[in-house]
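Written out below as structure tokens is the structure these notes cover.
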Amino acid sequence: MIHPLIQTRIASHLYVVTLLHEQEDLLERCQQMADALLKAFQTGKKVLFCGNGGSAADAQHLAAELSGRYYFDRPPLYAEALHVNTSYLTAVSNDYGYAEIYARLLRAMGTPGDVLVALSTSGNSENVLKAIAAAREQGMIVIGMTGMDGGKMAQLCDVLINIPSKDTPRIQECHMLLGHIVCEIVEQTLFKKP
Ligand SMILES: O=C(CO)[C@@H](O)[C@H](O)[C@H](O)[C@H](O)COP(=O)(O)O
Ligand SMILES: [Zn+2]
């Protein structure tokens with residue numbers, strides 16, 4: 001017997017993907033995200049990602065597509081997810097509070113023209129909001145990837161990729177879909193031989 005959730009959840013995934021496919025302004029903002037990453041890499045800047053839980057995994061996954069490889073062999077790109085040093089995370093959470101983990105690192109690493117990609121399905125995670133504020137102080141460009149209404153992040157990002165759903169897993173799946181496409185555009189534009 002096939003559990004009914006299997007078909008139901010696949011159907012809800014397809015529904016959100018169909019909405020995405022038809023929402024031209026959102027697809028334009030996806031192109032703007034690709035353009036922002038391209039500009040950063042073309043001018044010797046870097047792209048940093050942050051998020052919590054599944055969005056931390058997505059941050060790390062997308063950073064690795066860029067710093068490692070996506071479809072083909074080519075030089076590495078400077079991209080990293082901010083949560084990957086557990087010694088740093090445990091120390092700073094313990095000493096300064098969990099809300100400070102990304103902001104503190106951005107004050108050390110961020111330079112003008114770098115890009116922060118901030119992933120939060122609610123748009124309201126405190127450490128991500130503080131990261132955005134710190135990125136702004138450093139003169140970075142901020143791309144937000146959120147759910148439908150964007151939460152508090154809606155007003156704080158240069159480019160907002162707000163997936164038309166309120167369901168966290170479906171939002172995350174679409175972040176990865178669009179994030180993968182952005183990585184492909186970046187890789188092709190920078191390295192594909194005619
Ligand atoms: O992956 C999931 C749920 O699909 C969870 O781990 C989820 O990412 C966590 O609850 C996060 O703390 C949610 O934070 P956010 O997306 O609202 O910023
Ligand atoms: Zn998840």
Side-chain angles (χ1 to χ4, degrees), residues 3-20 23 26 29-30 33 36-37 47-65 79-86 88-94 96-107 109-110 115-137 140-183:
H3 196 289
L5 267 180
I6 296 174
Q7 278 198 314
T8 310
R9 295 301 182 240
I10 291 172
S12 54
H13 172 93
L14 288 173
Y15 176 72
V16 181
V17 170
T18 305
L19 289 178
L20 263 190
Q23 200 179 319
L26 183 57
R29 280 178 271 133
C30 184
M33 176 178 172
L37 267 61
V47 179
L48 302 171
F49 292 78
C50 70
N52 292 292
S55 295
D58 295 343
Q60 170 170 356
H61 182 157
L62 292 173
E65 307 289 27
E80 190 52 284
L82 294 175
H83 67 275
V84 294
N85 182 340
T86 46
Y88 170 88
L89 281 194
T90 50
V92 174
S93 301
N94 199 34
Y96 297 96
Y98 187 66
E100 298 300 326
I101 54 172
Y102 298 138
R104 184 173 174 81
L105 205 47
L106 285 166
R107 286 198 287 275
M109 294 170 76
V115 173
L116 174 70
V117 179
L119 297 107
S120 171
T121 60
S122 62
N124 291 326
S125 284
E126 202 185 346
N127 58 352
V128 176
L129 294 172
K130 286 191 174 229
I132 292 172
R136 288 238 168 274
E137 281 164 25
M140 296 174 69
I141 311 298
V142 178
I143 314 286
M145 300 188 89
T146 67
M148 186 134 76
D149 67 8
K152 292 181 184 162
M153 280 173 59
Q155 307 306 321
L156 303 176
C157 301
D158 295 297
V159 180
L160 186 73
I161 310 286
N162 56 326
I163 303 301
S165 170
K166 292 181 177 170
D167 189 3
T168 296
R170 302 294 84 76
I171 296 165
Q172 291 171 336
E173 288 155 17
C174 291
H175 286 169
M176 281 311 302
L177 173 62
L178 296 184
H180 269 146
I181 295 168
V182 166
C183 290

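Note that ligands are numbered from 1 as they come in the structure, with each ligand's atoms numbered from 1 the same way. Every heavy atom of this structure was used, including side-chain atoms; hydrogens, water molecules and symmetry mates were not.
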Is there a side-chain contact between [X] and [Y] in this structure, where contact means two heavy atoms from C-beta onward sitting under 4.5 Å apart?
X    : Y    : result
L48  : M140 : yes
R107 : E100 : yes
N162 : L26  : yes

Among protein heavy atoms, which lies nearest [atom], and at what distance?
atom                    : result
atom 2 (C) of ligand 1  : Q172 NE2, 3.4 Å
atom 17 (O) of ligand 1 : S122 OG, 2.6 Å
atom 11 (C) of ligand 1 : N52 O, 3.8 Å
atom 5 (C) of ligand 1  : G54 N, 3.9 Å

Fill in: Distance flag for atom 13 (C) of ligand 1, protein heavy atom under 4.0 Å
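For atom 13 (C) of ligand 1 the answer is no, since every protein heavy atom stays at 4.0 Å or beyond.
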
Item to complete: Report the distance from atom CD of E80 to atom SG of C50, rounding to the nearest 0.5 Å.
Response: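 Those atoms lie 12.5 Å apart.
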
Worksheet item: Nearest 0.5 Å, what's the SG-CD distance between C30 and Q23?
Response: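 Going from the SG atom of C30 to the CD atom of Q23 covers 11.5 Å.
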
Discussion item. List ligand 1 atoms under 4.0 Å from G53, heavy atoms only on the residue side.
Written reply: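 Heavy-atom distances to G53 below 4.0 Å select 6 (O), 8 (O).
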
Practice prompt. Would you check if the Zn ion (ligand 2) lies under 2.8 Å from any N, O or S atom of Q172?
Written response: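 For Q172, the answer is yes, given that an N, O or S atom comes within less than 2.8 Å of the Zn ion (ligand 2).
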
Practice prompt. Using distance alone, determine whether T168 and ligand 1 share an N or O pair under 3.5 Å.
Written response: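 N/O-N/O distance under 3.5 Å: no.
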
Worksheet item: With respect to atom 18 (O) of ligand 1, which of P169, G151, G123, S125 exhibits the smallest heavy-atom separation?
Response: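 It is S125 whose heavy atom sits nearest to atom 18 (O) of ligand 1.
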
Item to complete: Please check if atom OH in Y98 has more than 12 non-hydrogen atoms from other residues, nucleotides or ligands closer than 6.0 Å.
Response: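 Yes, OH of Y98 has more than 12 neighbouring heavy atoms, counting only those of other groups under 6.0 Å.
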
Discussion item. Set out, in order, the CA-CA distance, both residues' side-chain angles and the distance that settles side-chain contact (heavy atoms from CB on, under 4.5 Å) for R170 and Y15, then state yes or no.
Written reply: CA-CA 10 Å; R170 302 294 84 76; Y15 176 72; over 6 Å; no

